[in-house]
Amino acid sequence: RRTAQLVEALQAVEEAGATPPLPQPLAPEVLVGWQAWAAEQARPGGASAEAHFLLGRLHRALQRFREAAACQDQALARDPDFAPSLYERTILVARDWLDQYTREFERLATERAARGEAADAAPPARTELEARDAALPALRARLGELIDRCEAVLARRPEWGAHAVPLLRVGAAQQACLRALRALAG
């Protein structure tokens, strides 16, 4: 019953665009209740991989990215081959990498402008940005590792591509996204 409620709430958040006020039944006390339920599921024998995945998706829809990552990590601790959580974790790391990359690009552009360099000068190479921020190559490496893991699981367990529950499906669209991220992260 809780899983069904969480799926319905997640669909409501995604349909509403995750903008306040939160759609019902997402009052803050309800979210706290779901967090407690997911924590309870983490006990031995609990169905925590799916519970933590769903809670993580809810957090991501609400733009609570740190909490979303923690939930996906908990799901993967319970089941390292849980493809939906591998995919979600990959997306969250890609988001972190792209955000950090963008911030460093903007810092460099600001420095160049302050030096009077032309705005249409060649953009910096990835190596130049990564030399300025040690977090960038580490995030890119983590992204590559997650893509490899996700693709390996999907190759071993193709049933994830046709899962009956759309939120748990890691199908053609998600696999295309993984390929695009791999190309982007090079």
Side-chain angles (χ1 to χ4, degrees), residues 3 6-19 22-23 26 31 34-35 38 41-42 47-106 126 129-130 133 135-186:
T3 301
L6 192 52
V7 169
E8 288 171 17
L10 179 55
Q11 288 170 337
V13 169
E14 289 180 345
E15 288 169 10
T19 55
L22 295 177
L26 284 180
L31 184 57
W34 279 325
Q35 289 171 318
Q41 295 298 309
S48 67
E50 185 175 336
H52 286 295
F53 164 76
L54 290 169
L55 191 60
R57 286 285 284 133
L58 183 59
H59 280 299
R60 183 163 73 94
L62 295 171
Q63 300 183 11
R64 296 176 177 168
F65 302 113
R66 194 168 289 131
E67 293 91 340
C71 288
Q72 300 309 337
D73 288 343
Q74 290 170 353
L76 291 169
R78 296 288 293 153
D79 181 355
D81 285 350
F82 194 68
S85 286
L86 274 171
Y87 179 76
E88 275 299 302
R89 198 63 182 98
T90 302
I91 295 302
L92 290 163
V93 169
R95 181 193 168 280
D96 290 345
W97 176 66
L98 291 169
D99 283 352
Q100 187 71 16
Y101 192 91
T102 300
R103 281 192 296 275
E104 193 56 43
F105 184 90
E106 289 170 351
R126 180 173 57 209
L129 294 172
E130 288 183 350
D133 185 343
L136 284 172
L139 282 168
R140 187 164 54 89
R142 176 76 173 128
L143 178 59
E145 291 166 9
L146 284 166
I147 292 170
D148 290 345
R149 277 183 62 197
C150 195
E151 288 177 338
V153 166
L154 292 171
R156 281 194 317 274
R157 298 189 52 201
E159 66 271 16
W160 283 114
H163 200 283
V165 178
L167 285 172
L168 296 177
R169 190 175 304 137
V170 184
Q174 291 82 6
Q175 292 175 42
C177 181
L178 291 172
R179 288 189 299 276
L181 285 172
R182 180 179 300 287
L184 183 63

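With sequence neighbours excluded, the residues forming a side chain to side chain contact (heavy atoms under 4.5 Å, CB included) with E159 are R157, listed by chain and number.
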Under the criterion side-chain contact (heavy atoms from CB on, under 4.5 Å), I'd like the reasoning laid out for D79 against S85: C-alpha separation, chi angles, the key distance, then a yes or no.
CA-CA 9 Å; D79 181 355; S85 286; over 6 Å; no
Does the pair Q63 and F65 meet the rule for a side-chain contact (heavy atoms from CB on, under 4.5 Å), with working shown?
CA-CA 5 Å; Q63 300 183 11; F65 302 113; 3.8 Å; yes
Verdict with supporting geometry, H59 and E67, side-chain hydrogen bond (donor to acceptor under 3.5 Å, both in side chains)
CA-CA 6 Å; H59 280 299; E67 293 91 340; 5.0 Å; no
Apply side-chain contact (heavy atoms from CB on, under 4.5 Å) to residues R140 and E130 and explain how you reach the verdict.
CA-CA 10 Å; R140 187 164 54 89; E130 288 183 350; 2.6 Å; yes
Mind running side-chain contact (heavy atoms from CB on, under 4.5 Å) on L181 and I91 for me, showing each step along the way?
CA-CA 9 Å; L181 285 172; I91 295 302; 4.0 Å; yes
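The backbone N or O of A185 lies less than 3.5 Å from a partner atom in the side chain of R126, making a donor-acceptor pair. Q74 places no side-chain N or O within donor-acceptor distance of the main-chain N or O of A49, the cut-off being under 3.5 Å. Checked by atom type and distance alone, the side chain of Q72 never pairs as donor or acceptor with a backbone atom of L86 at under 3.5 Å. The backbone N or O of T90 sits nowhere less than 3.5 Å from a side-chain atom of R149 that would complete a donor-acceptor pair. In this structure a side-chain-to-backbone donor-acceptor pair under 3.5 Å is missing from Q100 to W97.
We find the CD-CZ distance between E88 and R60 to be 4.0 Å, quoted to the nearest 0.5 Å. In this structure, L143 CG and L139 CG are separated by 8.5 Å, a value rounded to the nearest 0.5 Å. With rounding to the nearest 0.5 angstrom, the CG atom of L92 is 9.5 Å from the CG atom of L146.
At a threshold of 4.5 Å between non-hydrogen side-chain atoms, the residues V153 and V170 do not count as touching.
Legend: ring-ring contact (aromatic ring centres under 6.0 Å, His included) pairs involving residues 154-186, not counting sequence neighbours, sorted by first then second residue: F82-W160, W160-H163.
A side chain to side chain contact (heavy atoms under 4.5 Å, CB included) with I147 holds for exactly one of R179, R142, R182; it is R182.
Closest heavy-atom contact between A68 and G56: CB-O, 3.4 Å.
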